[in-house]
Structure formats: structure tokens, C-alpha cells
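As the structure is a computational prediction, the values presented were derived from the model and not from experiment.
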Amino acid sequence: MQTNTIKEGKAKKFHWDGVSDSCELEFKNTLTALNGQKTEELEGKGVLAANISAKLFEFLNEQNLKTHFIKKSSDNTLVVQPLTMIPLEIVVRNYAAGSLCTRLGFKEGEKLKKPLIQFHLKDDALNDPLLAESEILYLEIVSLEQLNQIKNYALCVNWLLTTLFEQVKIGLADFKLEFGFDKAGNLLLGDELSPDNMRLWDNFDSNQKLDKDRFRQNLGHILENYQIVLERIYLALAKKDIQTPAVPLKIRLYIKPQAGLLDPTGRTLTDSSNRLGFTEVEAIKAGKMLELELNDYRLNLIEDLCERILVSPAIEEYSYEIVV
Ligand code: TMP
């Protein structure tokens with residue numbers, strides 16, 4: 001593949017010829033913090049970040065969670081699918097750290113009651129501001145349905161990575177994800193998954209940092225700690241089993257007749273309302289909402305269950321949200 005560098009970010013370079021179904025993501029040795037104000041070149045960091053990302057993406061792909069990762073192509077490059085990236089950074093937090101402490105006064109290391117999802121606009125000139133969901137919809141960055149899908153994905157990734165790291169006594173305090181669409185319009189997880197964009201604590205202890213906070217806070221021994229992460233991932237993957245979550249996953253499933261198909265219940269409710277004097281009622285559409293509790297967070301399992309048992313795909317459509 002003849003490649004051109006079409007985008008260079010702070011920590012990665014993206015090479016693509018503009019037409020192929022695959023492109024290359026090169027991991028640089030650059031470490032950056034404070035939106036690029038603090039930077040350092042660290043020989044070997046790119047290779048570690050590429051290896052960790054490759055292993056984590058491969059693991060997610062095996063769990064049927066769609067990511068852009070295809071294969072590793074050299075020490076510090078991955079072959080990935082080209083995506084049209086969504087200009088959002090999705091942060092998922094399990095423990096208080098970083099900006100949650102500086103913005104809201106949480107104590108670092110505090111376990112959160114439930115995972116917290118936050119969004120940032122990817123815009124260096126604006127300093128990647130935090131975005132409310134209403135702002136995401138107002139700016140039409142994604143639709144409500146896509147936003148819901150992104151949140152479901154992020155929670156599924158959180159569960160899979162948390163359980164993977166728990167097996168080797170590492171706490172996944174928080175991480176940042178980026179998503180994009182492939183040329184068929186499918187939502188895929190993109191970017192990287194490495195200690196550059198996740199907080200990992202040995203023994204679940206915020207004083208034993210294994211991630212880029214070592215650079216942010218001048219703690220040193222960055223490569224040694226990234227190496228520990230990689231070795232533990234190998235160990236965790238060798239165990240192979242994903243444990244059942246302690247708390248079942250709650251899903252709200254919304255089912256409604258497909259647009260344009262007959263909706264006798266909705267029609268009857270509309271007619272009765274009009275007959276009883278509620279002439280303001282133009283239309284009522286009837287659907288149903290099911291609440292499910294599952295002991296597995298895999299999205300393909302939820303989708304399989306819907307398509308094979310709970311929903312009649314020929315006449316109904318569905319959407320679901322993971323309740324946190
Ligand atoms: P924060 O505490 O600075 O908001 O970061 C939360 C997590 O998300 C942390 O693991 C670092 C990661 N992150 C990035 O990798 N890039 C970003 O631009 C942001 C805002 C967060």
C-alpha cells in the first residue's frame with residue numbers, strides 16, 4: 001500500500017492512501033500533557049503503547065465489540081480500518097482522579113458509586129472543552145440514537161477492560177475513547193487504548209500509578225510501568241475467562257412498530273382520545289419497554305437476544321440503553 005501521512009497528532013501519525021480499506025497508525029515516542037504544553041520524547045514509549053493497544057483491541061474484537069484494529073504491522077504500527085472520526089472524546093471513570101478531583105473536589109482514589117461517562121469536544125483551539133449531552137445534540141455532532149449507541153459501547157468496553165485488568169490486580173480508574181464510522185456507516189471504536197489515555201493503578205491503589213500520570217506528575221519510571229501493564233495484560237489474556245459482573249447489567253429495551261406499518265394499539269388510543277374530547281391528540285404510537293437484567297455486558301449478546309427472541313425484526317424496530 002502506497003501511504004501518505006494524512007494526519008499527525010501529538011502521540012500518533014496516521015498514514016493512508018485515501019482509497020484502501022486499511023491504513024496505518026504509527027505510535028510516536030512523544031509524551032504530552034496539559035494540551036501539549038508539556039512534552040517529552042521517550043525512546044520506546046511508542047512501541048509499548050502500540051503493543052498494549054494491539055492486545056486490548058484484539059481482546060475487544062474477540063468479544064465481538066467492533067474496533068478499527070486489524071493487525072500489528074511493525075513494532076510501533078498497527079493496521080487499522082480508516083474511519084470518519086467523531087470529534088468527541090468519551091471519558092469513562094470508575095474511580096476519582098484527574099479533572100474530576102480538580103473540577104469537583106473528589107478525593108483521588110475514591111471509588112465511584114457507578115461508572116461516570118463524560119464527553120469532550122475534540123478541538124485543540126478550544127482546549128477540548130467538556131460537553132453536555134444537550135450540546136452534543138444541539139451541535140449535531142451525532143444523533144440521539146448514535147449518542148446512545150456510543151454510551152452503550154463505552155460501558156461495554158468499561159466492563160470488559162475492568163474485568164480483564166481486575167484479574168491481574170490492576171484498577172482501571174478511567175480512560176478516554178474515540179469512535180468513528182466505517183464506510184458502511186457502522187460505529188467502530190478507534191484511536192488507541194494505552195496507558196497514555198487510561199489511568200491504571202496497581203493493586204487498585206492510586207499511589208501506585210502505571211500510566212501517563214507518571215509523566216504528568218513527574219514521577220519517573222514511565223517505561224518500566226508501561227512494561228508492567230503489557231506483561232500483566234499477557235497474563236490476564238492467558239486466563240481467558242471473563243468474570244460475571246458483581247451487579248447485573250440493567251438494560252431498557254424499547255420496541256416499536258416499524259415506521260409506516262400498521263399500529264392498531266396506537267390507532268385505537270388515538271381514536272378513543274379524540275372521541276372523549278381530547279381533540280388535540282393528532283397521533284399516538286404504541287410500543288413497549290422491557291427491562292432486562294443480564295450477567296454479561298456483551299453488546300452482541302443483547303442484540304442476539306433481541307433479534308432472535310424479543311423483537312420481530314420484520315415488523316418492529318428496537319433500541320436499548322444500559323442503565324447505570
Ligand atoms: P481527565 O481526568 O484529565 O479528565 O482525564 C480522564 C481520562 O481520560 C484519563 O485517563 C486521561 C484521558 N484523557 C485523554 O487521554 N485525553 C484527553 O484529551 C482527555 C480529556 C482525557
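- At least one side-chain heavy atom of Leu161 sits under 4.5 Å from a side-chain heavy atom of Met198.
- Residues Val324 and Ile117 have side chains not in contact (no heavy-atom distance under 4.5 Å, counting atoms from C-beta outward).
- By the 4.5 Å heavy-atom criterion applied to side chains, Val47 and Asn51 are counted as neighbours.
- Qualifying salt bridge (charged side-chain N to carboxylate O under 4.0 Å, His left out) partners for Asp123, counting only residues two or more places apart in sequence or in other chains: none.
- Interatomic distance, Glu62 CD to Thr67 OG1, rounded to the nearest 0.5 Å: 10.5 Å.
- Hydrophobic clustering places Tyr234 together with Leu60 (ILVMFWY residues linked when any side-chain heavy atoms are closer than 4.5 Å, directly or through intermediates).
- Counting only heavy atoms from C-beta outward, the side chains of Thr77 and Phe27 never approach each other to under 4.5 Å.
- Looking at His68 and Cys23, their side chains never come closer than 4.5 Å, going by heavy atoms from C-beta outward.
- For the pair Glu108 and Lys209, the salt-bridge criterion is met [side-chain N within less than 4.0 Å of a carboxylate O].
- Gln258 places a side-chain N or O within donor-acceptor distance of the main-chain N or O of Pro313, the cut-off being under 3.5 Å.
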Chi angles and distances behind the salt bridge (Lys or Arg N to Asp or Glu O under 4.0 Å) call for Lys176, Glu178: CA-CA 7 Å; Lys176 183 260 306 182; Glu178 293 183 28; 2.7 Å; yes
Derivation and outcome, side-chain contact (heavy atoms from CB on, under 4.5 Å), residues Arg298 and Leu160: CA-CA 8 Å; Arg298 276 168 269 213; Leu160 290 167; 4.3 Å; yes
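- Checking Gln227 against Glu231 by side-chain atom types alone, a donor-acceptor pair falls below 3.5 Å.
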side-chain contact (heavy atoms from CB on, under 4.5 Å) between Lys38 and Phe215, worked out: CA-CA 9 Å; Lys38 177 176 157 88; Phe215 169 67; 3.6 Å; yes
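- Few gaps surround CD on Glu224; more than 12 heavy atoms of other groups in view lie less than 6.0 Å from it.
- In this structure a side-chain-to-backbone donor-acceptor pair under 3.5 Å is present from Asn61 to Phe69.
- Residue pairs satisfying the ring-ring contact (aromatic ring centres under 6.0 Å, His included) criterion with at least one member in residues 111-135, sequence neighbours excluded, are absent.
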Derivation of the side-chain contact (heavy atoms from CB on, under 4.5 Å) call for Ile141 and Gln146: CA-CA 10 Å; Ile141 298 171; Gln146 288 164 340; over 6 Å; no
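- Contacts of Asn29 classified as side-chain contact (heavy atoms from CB on, under 4.5 Å), with partners at least two apart in sequence or in another chain: Glu41, Glu43, Lys45.
- No donor-acceptor pair under 3.5 Å is formed between the side chain of Asn186 and the backbone N or O of Asp182.
- Exactly one residue among Lys122, Lys7, Lys12 makes a salt bridge (Lys or Arg N to Asp or Glu O under 4.0 Å) with Asp191. That residue is Lys12.
- One N or O on the side chain of Asn94 and one on the backbone of Leu172 form a donor-acceptor pair closer than 3.5 Å.
- Taking CG of Asn203 as the start and CG of Leu210 as the end, the distance is 9.5 Å to the nearest 0.5 Å.
- Looking only at side-chain heavy atoms (C-beta outward), Leu88 and Phe179 stay at 4.5 Å or farther from each other.
- No continuous path of hydrophobic side-chain contacts links Leu112 to Phe165 [ILVMFWY only; heavy atoms under 4.5 Å].
- Residues Phe106 and Leu130 fall into different hydrophobic clusters, defined by Ile, Leu, Val, Met, Phe, Trp and Tyr side chains chained together at heavy-atom separations under 4.5 Å.
- Separating the CD atom in Glu192 from the CG atom in Asn197 is a distance of 4.5 Å, to the nearest 0.5 Å.
- Checking side-chain atoms of Asp211 against main-chain N and O of Asp213 turns up a donor-acceptor pair under 3.5 Å.
- Across all their heavy atoms, Asn152 and Glu321 have their closest contact at OD1-CA, 3.6 Å.
- At distances below 3.5 Å, not a single donor-acceptor pair connects side-chain atoms of Arg252 with backbone N or O atoms of Glu291.
- Between the side chain of Lys239 and the main chain of Leu164, no donor-acceptor pair closer than 3.5 Å is present.
- Looking at Glu24 and Ser73, their side chains do bring a donor and an acceptor atom within 3.5 Å of each other.
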Residue pair Lys151, Ile322: steps toward the side-chain contact (heavy atoms from CB on, under 4.5 Å) verdict: CA-CA 8 Å; Lys151 289 196 288 182; Ile322 297 178; over 6 Å; no
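- A donor-acceptor pair under 3.5 Å is absent between the side-chain atoms of Asn158 and the main chain of Ala154, judged by distance alone.
- Between Arg267 and Asp263, none of the side-chain N atoms (NZ, or NE/NH1/NH2) sits under 4.0 Å from a carboxylate O, so this pair counts as no salt bridge.
- Salt bridge absent: Glu26 and Lys28 never bring a charged side-chain N and a carboxylate O closer than 4.0 Å.
- Counting heavy atoms from C-beta outward, Ser272 and Leu269 have side chains that stay 4.5 Å or more apart.
- A salt bridge between Lys10 and Asp124 is present, with a side-chain N of the basic residue lying under 4.0 Å from a carboxylate O of the acidic one.
- Inter-residue side-chain proximity for Leu301 and Asn64 is flagged as unmet; no heavy-atom pair is nearer than 4.5 Å.
- Panel note: side chain Asn148, backbone Tyr320; a donor-acceptor pair is recorded below 3.5 Å.
- Counted within 6.0 Å of CG on Leu104, heavy atoms from surrounding residues, nucleotides or ligands total more than 12; the atom is thus considered enclosed.
- Using modelled atom types, one finds no donor on one side chain facing an acceptor on the other under 3.5 Å when comparing Lys13 with Asn76.
- Looking at Asp196, its side chain never comes within 3.5 Å of a backbone N or O of Leu31 through a donor-acceptor pair.
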